Amino acid sequence: MPVDHDKFMDIALEEGRKGGAEGNPPVGSVIVRDGEVIGIGRNRVNSDTDPTAHAEVDAIRDACRNIGSTDLSGAVCYTSMEPCPMCCWAIEAAGCGGVVLGSRHAEFRGVSARDYGGYSVEALLELTGCSYDIVTDVRIDECNAVRLEWIAGGDG
């Protein structure tokens, strides 16, 4: 996996802020392969009226268009918020080799509108038998701050 996690998470955070400004949950994602960004996405659920338009899926779609293939083997998905089960499966189906994440859903239990209970990416991967590398807590304070600002604004 690339070692410059801060650089790529910075791009994900910026995309998350853009998504939040557009009325969506402020989550951004970046797909990186061989140290190069090949896909960028942000949550567009509300602005696109598409419940599947999560940041990770948006970034995967962008990466696949950019490289002309649905095979993202060797790529890593950077995301400012822990991927939901749908996004985890999309990451697996695309062949990404890893996920680097900032915030976790459990950190917002009782604060945001949706409570994911005991959910974690690790628990889902264990349950499904899927496996990819996971790096956690990259720029967690900034990822949390973006989410908390959005929640405080009444959108969470």
Side-chain angles (χ1 to χ4, degrees), residues 1-22 24-108 114 116 118-147 150:
M1 286 219 257
V3 293
D4 195 357
H5 298 314
D6 286 341
K7 170 184 166 184
F8 299 120
M9 189 60 77
D10 191 49
I11 298 167
L13 281 162
E14 181 58 32
E15 285 300 305
R17 289 182 190 100
K18 288 178 187 176
E22 296 167 351
N24 302 293
V27 181
S29 293
V30 180
I31 306 296
V32 176
R33 184 157 62 188
D34 298 325
E36 299 294 323
V37 173
I38 60 171
I40 298 175
R42 61 182 171 267
N43 190 302
R44 299 174 191 270
V45 168
N46 297 328
S47 58
D48 287 6
T49 58
D50 178 356
T52 69
H54 291 200
E56 298 87 351
V57 172
D58 193 44
I60 289 168
R61 289 172 179 162
D62 187 50
C64 291
R65 277 190 302 269
N66 289 336
I67 68 167
S69 172
T70 59
D71 181 6
L72 299 181
S73 297
V76 175
C77 178
Y78 284 79
T79 185
S80 61
M81 184 71 178
E82 183 173 32
C84 73
M86 175 187 72
C87 292
C88 285
W89 190 253
I91 291 164
E92 172 77 16
C96 290
V99 173
V100 177
L101 62 97
S103 274
R104 288 197 180 258
H105 292 287
E107 294 162 359
F108 296 100
R114 178 167 284 146
Y116 283 80
Y119 172 78
S120 73
V121 172
E122 293 88 348
L124 180 68
L125 294 180
E126 184 177 328
L127 178 68
T128 61
C130 296
S131 111
Y132 41 76
D133 294 331
I134 302 170
V135 176
T136 62
D137 301 336
V138 174
R139 298 189 55 186
I140 187 169
D141 292 337
E142 289 171 78
C143 293
N144 284 339
V146 168
R147 181 81 174 177
W150 181 75

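Predicted model only: the values in this text are computed from it and were never measured.
Residues Ser73 and Asp71 have side chains that bring a donor and an acceptor to within less than 3.5 angstrom of each other.
At least one side-chain heavy atom of Val135 sits under 4.5 Å from a side-chain heavy atom of Val138. Contact of the Asp6 side chain with the Asp4 side chain is registered, since non-hydrogen atoms from C-beta on lie closer than 4.5 Å. Taking 4.5 Å as the limit, some side-chain heavy atom of Ile60 sits within range of a side-chain heavy atom of Ile91. Between Ser120 and Glu82 there is a side-chain heavy-atom pair separated by less than 4.5 Å. When side chains are defined from C-beta on, Cys77 does not count as touching Val30, because their heavy atoms never get closer than 4.5 Å. Contact of the Val100 side chain with the Phe8 side chain is not registered, since no non-hydrogen atoms from C-beta on lie closer than 4.5 Å. Residues Cys96 and Tyr132 have side chains not in contact (no heavy-atom distance under 4.5 Å, counting atoms from C-beta outward).
With rounding to the nearest 0.5 angstrom, the OG atom of Ser103 is 8.5 Å from the CG atom of Leu13. If you take CD on Glu36 and CD1 on Ile67, they are separated by 13.0 Å, rounding to the nearest 0.5 Å. From Asp58, atom CG reaches atom OG of Ser29 across 8.5 Å, with rounding to the nearest 0.5 Å. Note that OG of Ser80 and CD1 of Ile140 are 11.5 Å apart. Values are rounded to the nearest 0.5 Å.
When the side chain to side chain donor-acceptor pair (under 3.5 Å) test is applied to Ser47, the partners found at least two apart in sequence or on another chain are Asn24. With sequence neighbours left out, Asp62 forms a side chain to side chain contact (heavy atoms under 4.5 Å, CB included) with Ile40, Arg65, Asn66. Listed by chain and residue number, nothing satisfies the side chain to side chain donor-acceptor pair (under 3.5 Å) test with Thr49 (two or more places apart in sequence, or in another chain). Not counting sequence neighbours, Asn46 has no partner by the side chain to side chain donor-acceptor pair (under 3.5 Å) test. Under the rule for a side chain to side chain contact (heavy atoms under 4.5 Å, CB included), the partners of Val57 that lie at least two apart in sequence or sit in another chain are Arg61, Met86, Cys87, Ala90. For Thr136, the side chain to side chain contact (heavy atoms under 4.5 Å, CB included) test picks out Leu101, Arg104, Glu122, Ile134, with sequence neighbours left out.
Here the side chain of Tyr78 pairs no donor or acceptor atom with the backbone of Asp10 at under 3.5 angstrom. Side-chain atoms of Asp50 come within 3.5 Å of backbone N or O of Thr52 as a donor-acceptor pair.
When each of Lys18, Glu15, Arg147 is checked for a side chain to side chain contact (heavy atoms under 4.5 Å, CB included) with Pro26, only Arg147 meets the rule.
In this structure, Ile31 and Ala75 approach most closely via the heavy-atom pair CG2-CB, 3.7 Å. Closest of all the heavy-atom pairs between Val99 and Val76 is N-CG1, 4.4 Å. Closest non-hydrogen pair, Leu124 versus Pro85, comes out as CD2-CA, 3.5 Å. Minimum interatomic distance between Val45 and His54 (heavy atoms only, all atoms of both residues): CG2-CD2, 3.6 Å.
A salt bridge is defined here as a Lys NZ or Arg NE, NH1 or NH2 lying under 4.0 Å from an Asp or Glu carboxylate O, and Arg42 with Glu22 meets this definition.
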